[in-house]
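To keep things clear, I will list the structure first and then write my remarks on it.
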Number of protein chains: 2
Amino acid sequence: MNLHPLSQAFVLHFGEMGSRWGINRTVGQIYAALYVSREALTADDLVDRLGVSRSNVSMGLKELQSWRLARLEHRPGDRREFFSAPEDVWQIFKTLAEERQRREVDPTLSMLRDALLETAASPEDAYAQERMRRMHELIEQITDWFAEIRKLSPETLQSLMSLGGKVVKLLELKERVLGGRRAPDALAANERDQGDA
Amino acid sequence: MNLHPLSQAFVLHFGEMGSRWGINRTVGQIYAALYVSREALTADDLVDRLGVSRSNVSMGLKELQSWRLARLEHRPGDRREFFSAPEDVWQIFKTLAEERQRREVDPTLSMLRDALLETAASPEDAYAQERMRRMHELIEQITDWFAEIRKLSPETLQSLMSLGGKVVKLLELKERVLGGRRAPDALAANERDQGDA
DNA sequence: CCGATGTTTCAGTAATTTCTGAAACTTCAG
DNA sequence: CTGAAGTTTCAGAAATTACTGAAACATCGG
C-alpha cells in the first residue's frame, strides 16, 4: 500500500466497513481512494496505491460503477480510463439509498406481498401473516417517506434537518393554523412522551 | 427445514438478506423464525425448524441478543430458555438504527475526526482532508437528525411521514407565520426542483 | 495488418467465514 | 452427591468469498 499517510487510515477504515456491509474489502478501499483523490485515477494508480492485483481492481471498479459510486472518464489524447468518485456528498448518499432500495428493499417488499396473498391454513400461519403485514406496512411507509425526502433539494433538506425534533412544533403549528383537519390524535399522543424538548 | 410453508419463504429470504448485510445466514433465519412465531421458541425448536446444528443456533441467539433483536424469557417450572423477537416493529427499527450507529457510524466519525486533526503535509493531503471534512459533516448531520427523529413517538413520526414531501409546505408556512427569521433562501431554492408535488 | 497499450475474464488458489459434533460446563431435582 | 436436562465452547471440517496471474480480448496509431 502506497498512500499518503493521511489518507491511509481512511482507506483502511473503509475497507473494514466494506467487509461488514457485504461489500468486499477491496471495493471499499478503491472507493475511499477515489473519494479522497483530487485527480481521477487509472486502474494502475489504484494497483499501486492499494497493493492489490490489477484484476481485483478491475472487478472492484466494475462493482462500484454498478452502484454508481465511481464514474469513468476519458481524457483527450489518452487511451487510459480514469475513474473518480462523485463530488457531492448529498448526491452520494441519495445514490446509495436508491441502490439499496432497489436491490434489497424492493425484493423484500415483493416477497412480503406474495406471502400476504397466500391463504393461511392454520392459526400459526394467520399469526405469521399478521406479523408480515406489519413489517410490510412499516417498510413501505419508511421507504415512501424516504423517496419523498430524497426529492428535496439539499438546501430544503438541510433546513428540515437543522429543525431537528422541533419539527413537532411545526406540526402543532399546522394543526392550529389549518384547524386540525387530519389525525389530530397523533399530536396529543406525542405530548405524552415528548414533553417540551 | 421444518417450517409452515407460509413462513418458509420469509425465513429463507431473511437468510439471504442477512448474508448481504454482513449478518450471517443462520442469524437472519433465526431472527425471521422468531419474528413470525406466536410463541417464544427454545433453541431446540429452532434446530428443528431451521435444520442447523444446535451450536450454530446457540451462537446465533447470542449474536441476536447482542443486537437486542432477541429476548430471553424463562417460564416458571421449565428450565429451558425461550427466545422471542420484540413485538413492536417501530421499536425494532429504532433498535437496529441505534446499534448500527454505535457499531459502525460512531467509529467512522471518530476516525474522521482524528484525520482532521492531522496537519496536511501536501496539497494532496489538504484536498483529502477537505473531502473528509465534508463526509464528516454529512454523517454528523444525518445522524444527529436521526437521533432526534428516533425520540418522537410512533404517532408523531407517522403524521410526519404521511406528510411526505408536503413538509416543504409546512416549512413555507412557518416562514410566513414566524416571519422568515431563518434560512429563507432554502425554500426558494427548493421551488426550483420541486414544483408543486 | 501489426504491435503497443490497455482492459477483462477466468480457472485455480488463498483466505475467511460459517457450521458442526464432541466435550465441557451449569443448574437443578432427588 | 449424582445424574438428568439444558447450554456453551471450541477445534477442525466444509463452504463461501476474495484474490491472483495468465491468457484472451479490445482499441488504436501507424
Side-chain angles (χ1 to χ4, degrees), chain A residues 1-2 11-12 14-34 39-67 70-84 103, chain B residues 1-2 11-12 14-34 39-67 70-84 103:
Chain A
M1 184 165 282
N2 190 1
V11 167
L12 290 175
F14 263 70
E16 291 312 314
M17 280 302 157
S19 309
R20 288 213 192 177
W21 272 68
I23 292 163
N24 82 41
R25 189 178 315 263
T26 311
V27 172
Q29 291 185 353
I30 293 176
Y31 178 71
L34 291 178
E39 303 284 317
L41 302 176
T42 64
D44 283 326
D45 291 336
L46 289 163
V47 166
D48 180 47
R49 294 185 191 203
L50 305 179
V52 296
S53 75
R54 182 53 228 265
S55 51
N56 200 359
V57 168
S58 180
M59 298 287 214
L61 284 168
K62 220 167 144 189
E63 171 87 1
L64 283 172
Q65 281 175 281
S66 84
W67 282 90
R71 226 180 5 220
L72 172 60
E73 325 177 340
H74 279 106
R75 290 191 187 169
D78 193 329
R79 254 179 62 211
R80 288 173 303 168
E81 300 184 326
F82 289 81
F83 294 88
S84 64
R103 296 172 189 221
Chain B
M1 183 167 279
N2 190 0
V11 167
L12 290 175
F14 264 69
E16 291 312 312
M17 280 305 157
S19 311
R20 288 213 193 176
W21 273 69
I23 292 163
N24 83 40
R25 189 178 315 263
T26 310
V27 172
Q29 292 186 351
I30 294 175
Y31 178 72
L34 292 178
E39 304 285 317
L41 302 177
T42 64
D44 283 325
D45 292 335
L46 289 163
V47 167
D48 180 48
R49 292 182 193 206
L50 304 179
V52 297
S53 75
R54 183 51 228 267
S55 50
N56 200 357
V57 168
S58 180
M59 298 289 215
L61 284 168
K62 219 167 144 189
E63 172 85 2
L64 283 172
Q65 282 176 281
S66 85
W67 281 90
R71 225 182 2 221
L72 173 60
E73 327 178 338
H74 278 105
R75 291 190 186 168
D78 193 329
R79 253 180 64 211
R80 289 173 303 171
E81 300 185 327
F82 289 81
F83 295 87
S84 64
R103 297 173 188 218

Check your understanding: Does B:Arg103 make a cation-pi contact with B:Trp67 (under 6.0 Å, within 45 degrees of the axis)?
Key -> yes
Give the rounded distance in Å between these two atoms: [atom1] of [X] and [atom2] of [N].
X	N	atom1	atom2	value
A:Arg20	C:dT18	CZ	P	13 Å
A:Met59	D:dA22	CE	C1'	14 Å
A:Asp78	D:dT27	CG	P	17 Å
A:Glu16	D:dA18	CD	C1'	14 Å
A:Leu46	D:dC19	CG	P	14 Å
A:Leu50	D:dC19	CG	P	11 Å
A:Asp45	C:dT7	CG	P	10 Å
A:Leu41	C:dG6	CG	C1'	16 Å

Review point. Does the side chain to side chain donor-acceptor pair (under 3.5 Å) test come out yes or no for A:Thr42 and A:Glu81, once each step is laid out?
Key: CA-CA 6 Å; A:Thr42 64; A:Glu81 300 184 326; over 6 Å; no
Within less than 4.0 Å of OP1 or OP2 of [N], is there a side-chain N or O belonging to [X]?
X	N	result
B:Ser58	D:dT9	no
B:Arg54	D:dT7	yes
A:Lys62	C:dT7	no
A:Ser55	C:dT8	no

Exercise for review: Check whether any side-chain heavy atom of A:Leu41 sits under 4.5 Å from a side-chain heavy atom of A:Phe83, and report yes or no.
Suggested key: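 They are not in contact (no side-chain heavy atoms under 4.5 Å apart), so the answer is no.
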**Study point:** Side-chain heavy-atom pair A:Leu61, A:Ile30 within 4.5 angstrom cut-off
**Key:**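 Of all side-chain heavy-atom pairs linking A:Ile30 with A:Leu61, at least one is under 4.5 Å.
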Sugar-phosphate, base or nothing in reach of [X], heavy atoms under 4.0 Å:
X	result
B:Arg79	base
A:Ser19	nothing
B:Asn56	base

Practice item. Map B:Phe82 and A:Ser53 onto DNA chain D by nearest heavy atom, then report which one ends up closer to the 5' terminus. Key: B:Phe82
Exercise for review: Report the C-alpha separation of B:Arg75 and B:Glu39 in whole Å, then their side-chain angles, then the decisive distance to 0.1 Å, and conclude whether the salt bridge (Lys or Arg N to Asp or Glu O under 4.0 Å) test is met.
Suggested key: CA-CA 12 Å; B:Arg75 291 190 186 168; B:Glu39 304 285 317; 3.6 Å; yes
Review point. So which nucleotide from C:dT8, C:dT18, D:dC19 ends up closest to the side chain of A:Glu81?
Key: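 Closest nucleotide among those given: C:dT8.
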